[in-house]
2 protein chains.
Amino acid sequence: MFGEDEPAEYVYEVLSGAVRTYKLLSDGRRQISAFHLPGDVFGLEAGLSHRLAAEAIVDTTVRLVKRSSLEKAAGTDVRVARKLWAITARELTHAEDHMLRLGRKSAMEKVAAFLLEMDRRLPATGLIGLPMCRRDIGDYLGLTLETVSRSLSQLQAKGILGLSGARQIALRNRQHLRNMDA
Amino acid sequence: MFGEDEPAEYVYEVLSGAVRTYKLLSDGRRQISAFHLPGDVFGLEAGLSHRLAAEAIVDTTVRLVKRSSLEKAAGTDVRVARKLWAITARELTHAEDHMLRLGRKSAMEKVAAFLLEMDRRLPATGLIGLPMCRRDIGDYLGLTLETVSRSLSQLQAKGILGLSGARQIALRNRQHLRNMDA
DNA sequence: CGCCGGATTGATCAGTTTCAAGGCATGTGG
DNA sequence: CCACATGCCTTGAAACTGATCAATCCGGCG
């Protein structure tokens, strides 16, 4: 969709599907900053270029808005300016919460937090349909895909969740997850 | 200075000294989100309350600006609105960089990145005068204070830096640090 | 001079990663 | 329609990094 440090010509809104935004180290290590789901805006920059790369992780449709037209509107309409600020502030809130997870939580706590986040953000059908693979979850949480898999297996063994295929998850005990989320 | 979830009545600018902003878990684990040095603005919220706590870590003077007056100015002056957005965007950039460190870097890489950050941001006197203790550095990098101390000792043993007292650090080989920063 | 908080260093431990093997579902070509 | 290839996931065992526990050490200050 776009790469790190590319000029930020457009702002994107997810209409359907899912997008990951991430940074890479030279040796291939990857940190996924956020998953963007339908309704989310991403790729908005106050500066000139994107500071994260973005890729669709399933079939996805997005709406593009020219950055220049937003800048122009913000110059005349205070509400637009306020909205742009609010979008960035919301991303910052998420980043601050995520830093706490990355820096100070155990693998199990990270996975619990991830499940609760997805449960909150994905359509409430009673079954979470994850759009991303285990490696993506690991790169989001600062874990290996094996550790993510093991954590999920443990939660299943304890009856806290049910797996129907790797990507369909039923939360059976949200309160227990919240407790481990600390 | 202020606590997590307190109403955000003021915005702060550091005039001298240093401030840490952080989040706490119920069991006392702490993640420091950023250190704020002279010239930095902190405590600016698009929402109603602070999402981080803030404390001075040395003798510090700050300038307070009423949030309501900024909001008012932003309503009439587009440049003020743009400036508020830019401040938040800058914090987001830092947070995104820091997530990569927290999630994907080794202890030594984190410490190297920290030293380079401080070298860049503190007055260039040839000797970095750290305002924070080892525990603060650890809570910023997602490490224990012992690991921070050991990493610094190793860097000293390799001649990459010189310690004069625990908080005065001379970088003798910045390029080497940049290499380990990946 | 002696105290005290912060820092260093050492030894051991635990959690996560790494390396490796195998399983399960999906899709494709014979 | 089945056999097999492929990608993703799970599971196991061993190795390693960083945490924990514990004992000094150092420097500033009363």
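Since this is a predicted model, take the numbers as computed values, not measurements. Lettering of chains follows the sequences in order, A, B, ..., and the numbering in each one begins at 1.
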Per [X] side chain, nearest of listed nucleotides [options]:
X: A:Leu163; options: C:dT17, D:dT10, C:dT16; answer: D:dT10
X: B:Arg134; options: D:dA19, D:dT10, C:dT8; answer: C:dT8
X: A:Glu146; options: C:dG10, C:dT17, D:dT11; answer: D:dT11
X: B:Ala166; options: C:dA11, C:dT8, D:dT10; answer: C:dT8

Under 6.0 Å between the ring centres of B:Tyr140 and B:His98?
-> yes
Indicate, with a heavy-atom threshold strictly under 4.0 Å, whether A:Gly142 touches base, sugar-phosphate, or nothing.
-> sugar-phosphate
Name the nucleic acid region contacted by B:Leu152, choosing base, sugar-phosphate or nothing; use a 4.0 angstrom heavy-atom cut-off, strictly under.
-> nothing
Return the value, rounded to whole Å, for the distance between atom [atom1] of [X] and atom [atom2] of [N].
X: B:Ile169; N: C:dA7; atom1: CD1; atom2: C1'; value: 12 Å
X: B:Leu141; N: D:dA19; atom1: CG; atom2: C1'; value: 15 Å
X: A:Leu145; N: D:dG7; atom1: CG; atom2: C1'; value: 12 Å
X: A:Met108; N: C:dT16; atom1: CE; atom2: C1'; value: 13 Å
X: B:Gln154; N: C:dT8; atom1: CD; atom2: P; value: 13 Å
X: B:Ile137; N: D:dA19; atom1: CD1; atom2: C1'; value: 18 Å
X: B:Ile57; N: C:dG5; atom1: CD1; atom2: P; value: 19 Å
X: A:Leu130; N: D:dC9; atom1: CG; atom2: C1'; value: 13 Å

Can you find a side-chain donor-acceptor pair between A:Thr61 and A:Ser16 that sits under 3.5 Å?
-> yes
Does [N] have OP1 or OP2 sitting under 4.0 Å from an N or O in the side chain of [X]?
X: B:Arg150; N: D:dA19; answer: no
X: A:Ser153; N: D:dT11; answer: yes
X: B:Arg135; N: C:dG6; answer: no
X: A:Thr147; N: C:dT17; answer: yes

Under 6.0 Å from the six-membered ring centre of B:Tyr22 and within 45° of its axis: does the NZ or CZ of B:Arg30 meet both?
-> yes
What's the spacing between B:Glu71 CD and A:Arg82 CZ if we round to 0.5 Å?
-> 4.5 Å
DNA chain D nearest-nucleotide lookup for A:Cys133 and A:Arg104: closer to the 5′ end is A:Cys133
Pairwise side-chain contact, B:Gln156 with B:Leu152, heavy-atom cut-off 4.5 Å (strictly under) | no
